[in-house]
Amino acid sequence: MKKFVNDPKNFVPEMLKGIALANPDTLRYVPEYNLIMRADAPRHDKVSIVQGSGSGHEPAHVMVVGKGMLDGACPGDVFAAPPMEYVLETAKLLASDKGVLLLVNNYTGDKMAFEMAAELAEAEGLLVRTLFINDDVAVKDSTWTVGRRGVAGNFFVMKAVGAASEAGASLDELVRIGEKVNSVTRTMGIALTPCTPPAKGSPLFELADDEMEVGVGIHGEPGRRRAKLVSADEIVDELLGAVVPDLPYSSGDEVALMINGLGGTPISELYLLYGLAHEKLAAQGITVGRSYVGEYCTSLDMAGASLTLVQLDDEIKDLLLAPAEIANRVF
Amino acid sequence: MKKFVNDPKNFVPEMLKGIALANPDTLRYVPEYNLIMRADAPRHDKVSIVQGSGSGHEPAHVMVVGKGMLDGACPGDVFAAPPMEYVLETAKLLASDKGVLLLVNNYTGDKMAFEMAAELAEAEGLLVRTLFINDDVAVKDSTWTVGRRGVAGNFFVMKAVGAASEAGASLDELVRIGEKVNSVTRTMGIALTPCTPPAKGSPLFELADDEMEVGVGIHGEPGRRRAKLVSADEIVDELLGAVVPDLPYSSGDEVALMINGLGGTPISELYLLYGLAHEKLAAQGITVGRSYVGEYCTSLDMAGASLTLVQLDDEIKDLLLAPAEIANRVF
Amino acid sequence: MSDARVESVVRTITTTCIENETYFGDLDSVVGDGDFGFSLARGFENVLAQWDTFDRSDTGTFLQKVAVVMSGRIGGTSGPIWGTAFLRAASQVKGTQEVRGTDVVAMLRAAIEGIKARGGADLGEKTLLDALAPMTDTIERELAAGTSPADIAKAAAATARDAAEATRPMQARRGRASYTGERSIGSLDPGAVAVAVLAERVADTW
Amino acid sequence: MSDARVESVVRTITTTCIENETYFGDLDSVVGDGDFGFSLARGFENVLAQWDTFDRSDTGTFLQKVAVVMSGRIGGTSGPIWGTAFLRAASQVKGTQEVRGTDVVAMLRAAIEGIKARGGADLGEKTLLDALAPMTDTIERELAAGTSPADIAKAAAATARDAAEATRPMQARRGRASYTGERSIGSLDPGAVAVAVLAERVADTW
Ligand SMILES: Nc1ncnc2c1ncn2[C@@H]1O[C@H](COP(=O)(O)OP(=O)(O)O)[C@@H](O)[C@H]1O
Ligand SMILES: Nc1ncnc2c1ncn2[C@@H]1O[C@H](COP(=O)(O)OP(=O)(O)O)[C@@H](O)[C@H]1O
Ligand SMILES: [Mg+2]
Ligand SMILES: [Mg+2]
Ligand SMILES: [Mg+2]
Ligand SMILES: [Mg+2]
């Protein structure tokens with residue numbers, strides 16, 4: 001295993017500690033619940049936004065905590081849903097008078113932990129709503145058969161509700177916005193290599209030297225099919241061919257286009273894919289209004305990429321354009 | 001080869017096109033010279049800052065073009081210095097009344113191409129200065145035996161002179177600032193895997209499953225030694241043990257700490273390394289004033305990381321804190 | 001005060017799940033991912049560790065605390081499934097000190113509905129529901145027939161065991177075992193077996 | 001107008017480098033990275049392609065254009081090294097139409113200094129300097145002795161050839177070949193051999 005790691009059991013807490021040490025003024029780390037939260041949360045003039053999932057998808061979600069995005073993220077261990085108690089205690093710590101919005105990528109484990117936590121939090125008198133993200137068009141049923149999976153498109157939901165909550169929107173309003181963004185967001189990914197969880201120490205699946213997994217999940221779940229590795233051009237055609245007709249996105253639409261790296265693919269290749277996708281969309285009459293190229297939702301060290309489209313309207317565009325300050329940053 | 005690529009010969013131009021398409025309002029692409037430049041350059045109220053090097057180190061340097069950093073970047077092919085003509089024509093296109101500052105990572109190929117271009121540009125009446133960056137403590141002599149190599153520390157030089165030039169500093173002043181930042185910046189890297197250039201299609205060197213290359217260069221050049229892969233703790237000790245005494249950085253110093261990913265290592269591992277380094281520095285009385293975790297100067301898809309320290313003073317800190325808007329961004 | 005018999009049954013469930021970690025894990029290894037024994041054991045170890053600290057002002061409160069502690073720290077399916085079962089059972093006896101036979105049936109029905117809601121499963125999908133539901137039917141029937149509590153427990157255990165055996169020809173539609181598709185036919189469902197084992201221990205220690 | 005003889009010599013260098021791509025590449029493959037023939041051939045192909053377009057207002061201008069075109073598009077060491085040599089030679093005859101023998105020596109000396117400045121090499125480090133410098137000495141000596149231009153060219157070629165052979169026992173200290181350390185001893189320096197080949201062709205075609 002080629003990783004920077006001490007005892008694999010401490011992989012997640014040691015990473016979280018690093019995030020906290022790198023952002024001492026803006027973030028707080030609560031080790032008991034794997035919680036990274038805004039230092040100034042909860043603020044009672046805004047709804048608190050919380051996301052959790054397994055770890056291994058960084059920068060999602062622990063590195064998108066900050067002004068304009070999440071108020072807190074409480075991940076589980078690598079590829080494991082957070083224990084219900086983490087979610088419950090996070091909701092309590094971030095309880096705001098305006099409420100708490102729980103964002104959940106649609107997997108059975110996450111769904112059950114968050115729903116149970118929400119039930120308990122409500123029983124304790126908290127105002128809580130839960131919103132599921134399920135943008136992956138690859139397979140109808142996720143690993144745990146609860147419908148489509150939530151993948152890189154979650155960035156857009158987090159960004160939109162984060163911006164709106166910063167502007168003072170109510171919990172109901174945030175649910176409306178989040179559901180709307182989710183409903184116009186579609187993603188599909190391709191893996192060139194498997195990923196290696198630190199505790200396992202070996203690749204999660206096998207992929208021959210000349211193979212790719214089309215429609216792969218961010219936990220290495222099988223996708224639509226395994227195929228011979230083809231050119232970047234053909235790959236973009238395949239991704240667009242799955243994503244565009246699904247909503248569908250049509251001529252005249254303005255979209256956000258994201259090329260998301262799955263962890264092991266360099267940004268040079270992501271920009272190459274971006275350029276191809278941008279031009280192929282233009283040829284279909286679809287205009288890219290906002291572009292996102294880089295790592296947003298990864299699968300550890302997996303080489304691969306996903307393509308996400310979001311149908312833009314003025315409301316969504318304004319929310320995506322609003323400023324944000326998160327741990328994942330260049331400067 | 002597990003890469004998103006069409007004809008490898010078009011790898012660099014297709015990537016550059018993607019960058020331009022993703023940033024239509026702010027950047028311009030000049031295909032003849034692999035040039036990515038600010039759309040509003042040259043501006044005669046500021047010195048133009050140019051950096052070039054081989055490609056394969058993205059986001060350096062084509063993705064750090066923008067307000068507050070570079071005015072233009074003119075890379076060569078993967079791991080190949082830019083042809084002299086690219087540099088010369090770039091200098092001409094970006095010629096500002098206040099002059100042009102050429103930043104060069106210290107390798108023979110780059111050095112010779114930039115020096116010759118500077119000579120010709122001056123012969124044509126341009127005001128040009130050249131500044132070399134050589135922060136790598138791993139080996140005294142670079143691949144091409146011109147002294148220490150320039151690696152991830154170049155980010156700090158670009159950021160500092162970029163901010164100062166935005167504020168209207170003269171060419172002489174920028175040279176002073178750039179040399180000062182370079183003189184207090186030190187880096188060392190470790191590779192866990194080799195990288196694979198698209199045109200070659202196979203790894204540049206071999207590294208056994210349980211080996212790492214200590215002090216590796218960003219073109220896969222051999223470092224100080226090949227060693228058994230050890231824990232993240234021991235790796236950070238080794239990196240700090242090489243970097244700290246080199247300047248030296250001492251108790252009472254305030255530093256910027258960068259953990260830079262070499263391309264194939266996920267950001268989770270980088271934050272893990274960051275946390276360890278931050279605490280070990282604190283234990284030596286060295287305070288981290290600014291933190292940088294992510295990919296700044298890569299070696300294609302190499303798994304690995306480098307650690308950079310910059311000794312901070314008020315002037316450098318202000319320049320690092322100044323806002324910048326570049327292609328490499330989250331939002 | 002919480003009901004002493006309920007406390008005793010919970011205690012039996014707790015120790016039995018801890019003792020059967022390996023057995024339950026092995027059952028889940030046949031067509032599942034082998035973590036069932038581990039999950040239950042860790043969850044109930046936490047219950048055991050905090051046993052003396054639970055708020056016992058009434059039976060509902062006691063069961064709610066058990067639910068949160070049991071499911072709070074374990075991942076996967078069993079934490080939320082079992083936690084929800086305890087939670088919904090608790091809601092039936094909120095404020096109640098002494099629990100009667102009809103309460104037990106109401107608690108089990110609520111638990112079953114909770115599990116269905118949480119995990120989306122229905123009867124016949126090769127889950128613990130396939131043991132829990134017939135067992136509850138038996139208890140209700142025997143209660144109506146005026147059978148003694150100890151004998152009701154025995155009848156419940158027998159039904160649960162038969163029902164667990166009856167999961168063998170079913171195909172798993174939920175949880176990790178469902179990935180194996182038709183290969184899941186022919187083996188017992190670990191969750192249903194666990195219900196049988198627990199019911200037997202409860203009857204034995206009545 | 002640029003000097004016709006200079007143009008003819010540059011033309012000979014151009015075609016010779018293109019024709020010897022494989023040979024020069026093979027020489028660089030022994031202890032170097034094999035790109036020397038490729039780099040020179042691509043550079044001089046560009047010169048050939050733009051031959052008719054060069055500004056020929058004087059010899060210096062002509063040579064400067066050759067320098068830029070030759071070195072502009074090729075990477076590695078040889079572009080800047082050879083480009084600088086042509087550029088510095090050009091600077092010696094800026095504004096000059098007709099080039100005399102003493103100009104040739106001055107041009108070669110300037111080229112040598114330029115190469116040293118650009119690449120940091122000195123004599124004895126197994127580079128093209130080790131052929132270029134003795135060759136220039138010979139030209140200077142023969143010029144002083146009143147030898148005819150054609151015979152000077154022959155003498156220069158002979159010296160360059162001997163000097164190239166003399167690089168065999170040297171250890172490479174510059175360029176990619178220097179990575180091989182002591183292994184570079186025993187083989188000819190490709191750059192020095194190229195100088196010899198070019199000098200011989202110039203003499204042959206005088
Ligand atoms: N969605 C579900 N609803 C109800 N019970 C379930 C569900 N999924 C799994 N189970 C029960 O849980 C048992 C497996 O538990 P466990 O191993 O912890 O879950 P997982 O399948 O996630 O590994 C199964 O034998 C089955 O009885
Ligand atoms: N620093 C230098 N200064 C002068 N000449 C050099 C230098 N480095 C290499 N050379 C010459 O260039 C030749 C090799 O050219 P080339 O293969 O293009 O360069 P590289 O060594 O970069 O692959 C050598 O045989 C030598 O004569
Ligand atoms: Mg299981
Ligand atoms: Mg499981
Ligand atoms: Mg060579
Ligand atoms: Mg070379």
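Atom CG of C/L87 and atom CE of A/M116 lie 5.0 Å apart (nearest 0.5 Å). Note that the CE atom of A/M84 and the CE atom of C/M70 stand 10.0 Å from one another [nearest 0.5 Å]. Separating the CD atom in A/E85 from the CD1 atom in C/I74 is a distance of 11.5 Å, to the nearest 0.5 Å.
Among all heavy-atom pairs drawn from C/G72 and A/P83, the shortest one is O-CB, 2.9 Å. The two residues C/P80 and A/A113 come nearest to each other via the heavy atoms CG-N, 4.0 Å. The heavy-atom pair separating A/M112 from C/R118 by the smallest distance is CG-O, 3.4 Å.
Atom NZ of A/K3 sits in a crowded spot, with more than 12 heavy atoms from other residues, nucleotides or ligands closer than 6.0 Å. The 12-atom threshold is exceeded at CD of C/Q97, counting heavy atoms of other residues, nucleotides or ligands nearer than 6.0 Å. Other residues, nucleotides and ligands contribute only 12 or fewer heavy atoms inside 6.0 Å of the CZ atom of A/R28. The environment of C/R168 atom CZ is dense: over 12 non-hydrogen atoms of other residues, nucleotides or ligands sit within 6.0 angstrom. Enclosure of atom NZ in A/K9 is not indicated, since only 12 or fewer non-hydrogen atoms of other residues, nucleotides or ligands lie within 6.0 angstrom. Crowding of A/E32 atom CD: a count of heavy atoms from other residues, nucleotides or ligands under 6.0 Å exceeding 12.
When each of C/A117, C/G120, C/S71 is checked for heavy-atom pairs under 4.5 Å with chain A, C/S71 comes out on top.
Using a 4.5 Å cut-off between heavy atoms, A/E89 does not touch chain C at all.
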